[in-house]
Novice: 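Here you go, one structure.
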Amino acid sequence: MNTFGQTLGLTIFGESHGVSIGAVLDGLPAGVAIDWDAVNQEMARRAPGKNKLSTTRSEKDAFEIQSGFFNGHTTGTPLCAMIRNGDQHSQDYDQLRHIMRPGHADYSGKIRYGGFNDYRGGGHFSGRLTAPLVFAGAIASQILASQGVVIGSHILHLADVTDKGFSPLGESTATLQALKGETLPVLDKEQAAKMEERIVAAKNDLDSVGGVIECMVTGLPAGLGDPFFDSVESCISHMMFSVPAVKGIEFGDGFALTGLRGSQANDAFYYDDGVVKTKTNHNGGINGGITNGMPLIFRLAVKPTSSISQSQDTIDTDTQENCQLVIKGRHDPCIVQRAVPVVEAAAAWAILDVWLSAKGRCL
Ligand SMILES: Cc1cc2nc3c(=O)[nH]c(=O)nc-3n(C[C@H](O)[C@H](O)[C@H](O)COP(=O)(O)O)c2cc1C
Ligand SMILES: C=C(O[C@@H]1CC(C(=O)O)=C[C@@H](OP(=O)(O)O)[C@H]1O)C(=O)O
């Protein structure tokens with residue numbers, strides 16, 4: 001199934017080198033006035049071909065609304081948006097019909113779909129399918145913002161360069177919003193130039209780099225989520241592994257919690273003018289799968305781009321022999337900075353789904 005969500009259904013469709021890609025958003029509340037300029041801004045943050053750190057494929061990522069929006073408001077029935085593809089170089093992919101890129105989905109996709117998958121540009125597996133995800137998330141984040149929820153992210157690590165982490169007790173809305181204007185969003189501004197240098201160096205070596213994105217969600221009330229299968233961690237993780245190249249997630253202190261004692265890892269409660277807070281936030285705003293009212297924090301591992309131009313060992317499925325592959329084409333030397341708006345959008349959609357499920361489809 002290519003649909004995500006319990007109360008709010010998101011279906012994404014299309015192939016990177018097909019006519020179009022798009023999304024169907026089902027279950028949105030009726031009567032929401034959407035700020036389309038803000039949606040366009042989010043699309044532009046993710047769009048390819050903007051600078052030397054990204055693929056040179058140039059796409060406008062303009063969307064055409066097909067349904068679900070009438071007289072300035074959502075109708076509450078499925079909202080469908082279509083995004084046309086315009087700058088495909090499909091000949092770059094001719095050899096990839098039968099020569100499998102290591103690290104990409106060529107082989108697994110070929111087996112899954114019996115060889116009928118559209119392999120051009122990675123087809124339906126392409127990072128291009130994150131454009132409809134951003135479209136959906138941009139709408140979800142507007143709805144969440146009306147309830148006081150803010151989502152922001154930065155690059156915590158890129159190759160061997162490290163930014164300072166988010167303050168676990170929360171960052172201001174101004175800080176989270178300001179990060180959205182940056183190509184390499186970091187808190188310690190000196191790290192951006194070093195990160196850029198690592199991406200350019202990898203590209204010059206016909207290679208790629210990966211990193212870690214840290215995401216924070218502020219303004220969530222306590223009590224959202226469910227204890228087991230639909231825990232907030234489960235819902236967010238389910239969504240985040242839909243972002244191509246994401247290979248890991250941790251909440252709060254995550255794996256580092258394993259090195260602490262209980263006395264160090266527990267987040268002590270206190271009343272702050274009648275509001276329940278915790279003095280630390282090692283658990284990332286979630287206890288028992290349910291939000292506790294503190295900022296939600298998670299980190300994602302993003303792998304280095306698999307399509308590199310060095311010669312690599314692989315297989316030819318036509319001849320059933322081992323062979324060498326030199327990939328042609330226009331690939332991102334680093335996915336991390338391109339994935340930042342995608343992660344925020346994906347978080348917005350997953351959290352709005354949790355919210356509407358908890359509150360019986362209502363805000
Ligand atoms: C925004 C974005 C851009 C991407 N750009 C590329 C790219 O240019 N070349 C590439 O090989 N992979 C790229 N990827 C990653 C692949 O789509 C992904 O590695 C592939 O679908 C296999 O999925 P997996 O890595 O999650 O196993 C990109 C991913 C995202 C989110
Ligand atoms: C098109 C986008 O990114 C693409 C993601 C991608 C991949 O394999 O994931 C491979 C490249 O595709 P192509 O070879 O067609 O240029 C990227 O350009 C986009 O982000 O909109």
Side-chain angles (χ1 to χ4, degrees), residues 12 14-18 20-22 42-63 83-96 100-113 117-135 137 153 155 183 199 202-203 206-211 213 237-249 300-310 312 314 325-346:
I12 56 174
E15 282 86 23
S16 181
H17 287 207
S20 64
I21 54 176
E42 289 303 303
M43 298 299 282
R45 278 179 77 202
R46 192 219 70 91
K50 288 187 307 189
N51 55 51
K52 65 177 176 188
L53 305 182
S54 105
T55 166
T56 55
R57 177 165 167 180
S58 176
E59 294 285 355
K60 291 193 177 65
D61 283 0
F63 52 84
I83 302 160
R84 288 181 198 276
N85 295 317
D87 184 26
Q88 305 94 315
H89 284 186
S90 296
Q91 68 280 8
D92 289 343
Y93 286 84
D94 285 351
Q95 61 173 347
L96 302 182
M100 305 291 103
R101 281 176 296 174
H104 213 293
D106 301 341
Y107 176 69
S108 51
K110 186 174 190 126
I111 299 299
R112 166 70 175 79
Y113 294 107
N117 56 308
D118 182 351
Y119 54 85
R120 302 165 305 161
H124 189 67
F125 295 94
S126 172
R128 175 135 192 78
L129 271 288
T130 58
L133 201 46
V134 167
F135 172 86
S153 328
I155 302 175
T183 304
I199 300 174
K203 187 178 172 181
L206 310 181
D207 219 330
S208 62
V209 281
I213 296 171
S237 303
H238 184 177
M239 173 55 103
M240 291 304 152
F241 285 114
S242 310
V243 178
V246 166
K247 283 294 186 185
I249 189 165
L300 291 173
V302 180
K303 75 184 195 183
T305 315
S306 62
S307 301
I308 53 173
S309 306
Q310 291 177 20
Q312 299 179 80
T314 189
L325 170 64
V326 176
I327 296 169
K328 299 181 215 150
R330 306 167 292 176
H331 293 278
D332 290 302
C334 180
I335 295 164
V336 181
Q337 79 287 359
R338 295 214 51 222
V340 167
V342 177
V343 166
E344 291 171 17

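Computed from a predicted model, the values in this text were never measured in an experiment. Quick note: residue numbers are just sequence positions, from 1. All ligand and atom numbering here is 1-based and tracks the order in the structure.
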Novice: With the threshold set at under 4.0 angstrom, would you say H104 reaches ligand 2 through any of its heavy atoms?
Specialist: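 Right, H104 reaches ligand 2.
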Novice: Would you mind telling me which of R57, R330, K60, R128 makes a salt bridge (charged side-chain N to carboxylate O under 4.0 Å, His left out) with D87?
Specialist: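 The passing option is R330.
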Novice: Is the shortest heavy-atom distance from the side chain of D207 to the side chain of Q310 under 4.5 Å?
Specialist: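 Yes, their side chains come closer than 4.5 Å.
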Novice: I'd like to know if the side chain of Q88 reaches the main chain of G121, judged simply by a donor and an acceptor atom lying under 3.5 Å from each other, with no hydrogens or angles considered.
Specialist: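 Pair absent, no side-chain N/O of Q88 close to backbone of G121.
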Novice: Under 4.0 Å from a heavy atom of R46: which atoms of ligand 2 are those, numbered in the order shown and with their elements?
Specialist: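 The atoms of ligand 2 under 4.0 Å from a heavy atom of R46 are 19 (C), 20 (O), 21 (O).
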Novice: Considering only non-hydrogen protein atoms, determine which one is nearest to atom 18 (C) of ligand 1 and report residue, atom name and distance to 0.1 Å.
Specialist: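 Here the closest protein heavy atom is P244 CB, 3.7 Å.
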Novice: Which heavy atom of the protein is the closest neighbour of atom 9 (N) of ligand 1, given with residue, atom name and distance?
Specialist: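 Answer, as residue, atom name and distance: H331 ND1, 2.9 Å.
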Novice: Quiz question: by atom type and distance under 3.5 Å, do the side chains of S90 and H17 form a donor-acceptor pair?
Specialist: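 S90 vs H17: donor-acceptor pair found between side chains.
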Novice: Run the contact test for S126 against ligand 2 with a 4.0 Å cut-off on heavy atoms, strictly below, and give the result.
Specialist: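 Within the 4.0 Å threshold, so yes.
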Novice: With nothing but distance in play, are any N or O atoms of T130 less than 3.5 Å from an N or O of ligand 1?
Specialist: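 No, no N or O pair falls under 3.5 Å.
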Novice: In the protein, what heavy atom is nearest to atom 16 (C) of ligand 1, and what distance, to one decimal place, separates them?
Specialist: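 Checked against all protein heavy atoms, atom 16 (C) of ligand 1 sits closest to H104 NE2, 3.7 Å.
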Novice: Just so I know, are the side chains of D61 and P48 near enough to count as touching, which here means a heavy-atom distance under 4.5 Å?
Specialist: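 Contact flag for D61/P48 side chains = yes.
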Novice: So I155 and Q337, do their side chains get closer than 4.5 Å, heavy atoms only?
Specialist: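 The answer is yes; the side chains approach within 4.5 Å.
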Novice: Between E59 and ligand 2, which part of the residue brings a heavy atom under 4.0 Å of the ligand: side chain, backbone, both or neither?
Specialist: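 No part of E59 is near ligand 2 at this cut-off.
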Novice: Below 4.5 Å, heavy atoms only, C-beta onward: do K110 and M100 meet side chain to side chain?
Specialist: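 Yes, side chains in contact.
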Novice: Kindly determine whether N85 and E59 satisfy side-chain hydrogen bond (donor to acceptor under 3.5 Å, both in side chains), including the steps that lead there.
Specialist: CA-CA 7 Å; N85 295 317; E59 294 285 355; over 6 Å; no
Novice: Would you indicate which of R128, R120, H89, R330 comes nearest to atom 21 (O) of ligand 2 when only heavy atoms are counted?
Specialist: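 It is R128 that holds the nearest heavy atom.
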Novice: Taking only non-hydrogen atoms of G122, do any sit less than 4.0 angstrom from ligand 2?
Specialist: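 For ligand 2, residue contact (heavy atoms, under 4.0 Å) with G122 is absent.
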Novice: Which heavy atom of the protein is the closest neighbour of atom 13 (C) of ligand 1, given with residue, atom name and distance?
Specialist: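 Here the closest protein heavy atom is I335 CD1, 3.6 Å.
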Novice: Going by the order shown, which atoms of ligand 1 are within less than 4.0 Å of some heavy atom of F125?
Specialist: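 Per the distance check, 17 (O), 21 (O).
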Novice: Do I249 and F241 make a side-chain contact, defined as non-hydrogen atoms from C-beta onward lying under 4.5 Å apart?
Specialist: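 When only atoms from C-beta onward are counted, F241 and I249 do touch, with a gap below 4.5 Å.
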Novice: I need the atoms of ligand 1 closer than 4.0 Å to a non-hydrogen atom of S306, numbered in the order shown.
Specialist: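 In order of numbering, the contacting atoms are 11 (O).
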Novice: Considering both backbone and side-chain atoms of T55, is one of its nitrogen or oxygen atoms within less than 3.5 Å of a nitrogen or oxygen in ligand 2?
Specialist: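 Yes, at least one N or O pair falls under 3.5 Å.
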Novice: Please work out whether any backbone atom (N, CA, C, O) or any side-chain heavy atom from C-beta onward of Q88 is under 4.0 Å from ligand 2, and answer side chain, backbone, both or neither.
Specialist: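 It is neither; nothing of Q88 touches ligand 2.
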Novice: Are I308 and L206 close enough that some pair of their side-chain heavy atoms sits under 4.5 Å apart?
Specialist: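 Sidechains of L206 and I308: no contact.
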Novice: When you measure from atom 11 (O) of ligand 1 to every protein heavy atom, which one gives the shortest distance, and what is it?
Specialist: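 Residue, atom and distance for the closest contact: S307 OG, 2.6 Å.
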Novice: Of the protein's non-hydrogen atoms, which lies at the shortest distance from atom 26 (O) of ligand 1, and what is that distance?
Specialist: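 In this structure, atom 26 (O) of ligand 1 has A245 N, 2.9 Å as its nearest protein heavy atom.
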Novice: At what distance is the nearest protein heavy atom to atom 19 (O) of ligand 1, and which residue and atom is it?
Specialist: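 So the nearest neighbour among protein heavy atoms is K303 CE, 3.7 Å.
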Novice: For ligand 2, which atoms have a heavy atom of G127 less than 4.0 angstrom away?
Specialist: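 Those of ligand 2 that fall under 4.0 Å from G127 are 5 (C), 7 (C), 9 (O).
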Novice: Do S208 and I335 touch side chain to side chain, with heavy atoms closer than 4.5 Å?
Specialist: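 When only atoms from C-beta onward are counted, I335 and S208 do not touch, as no gap falls below 4.5 Å.
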Novice: May I ask you to identify the nearest protein heavy atom to atom 12 (O) of ligand 2, giving residue, atom name and distance to one decimal place in Å?
Specialist: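 Ranked first by proximity to atom 12 (O) of ligand 2 is Y93 OH, 3.6 Å.
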Novice: Can you confirm whether the side chains of T130 and R338 place a donor and an acceptor under 3.5 Å from each other?
Specialist: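 No.
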Novice: So is K247 in contact with ligand 1, going by heavy-atom distances below 4.0 Å?
Specialist: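 Yes.
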Novice: To the nearest 0.5 Å, what is the distance between NZ (K328) and CD (Q95)?
Specialist: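 Reported to 0.5 Å precision, the distance equals 5.0 Å.
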Novice: What part of H331, side chain from CB on, backbone N/CA/C/O, both or neither, has a heavy atom under 4.0 Å from ligand 2?
Specialist: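 Answer for H331: side chain.
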Novice: Can a non-hydrogen atom of R338 be found less than 4.0 Å from any atom of ligand 2?
Specialist: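 True for this residue.
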Novice: With a heavy-atom distance limit of 4.0 Å, tell me whether R57 approaches ligand 2 through its side chain, its backbone, both, or neither.
Specialist: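 It is the side chain that touches ligand 2; the backbone stays farther off.
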Novice: Please confirm whether the backbone N or O of G49 pairs with a side-chain atom of S54, one donor and one acceptor, at under 3.5 Å?
Specialist: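 Yes, because the side chain of S54 sits within donor-acceptor range (under 3.5 Å) of the backbone of G49.
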Novice: From the options V342, I327, T305, select the one whose nearest heavy atom is closest to atom 10 (C) of ligand 1.
Specialist: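 When every heavy atom of V342, I327, T305 is considered, T305 comes closest to atom 10 (C) of ligand 1.
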Novice: In sequence, state the C-alpha distance, the side-chain angles, and the governing distance for R101 and S307, and then conclude on side-chain hydrogen bond (donor to acceptor under 3.5 Å, both in side chains).
Specialist: CA-CA 7 Å; R101 281 176 296 174; S307 301; 2.9 Å; yes
Novice: May I ask which of V243, V340, D332 has a heavy atom nearer to atom 3 (C) of ligand 1 than the others do?
Specialist: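 Looking at heavy atoms only, D332 sits closest to atom 3 (C) of ligand 1.
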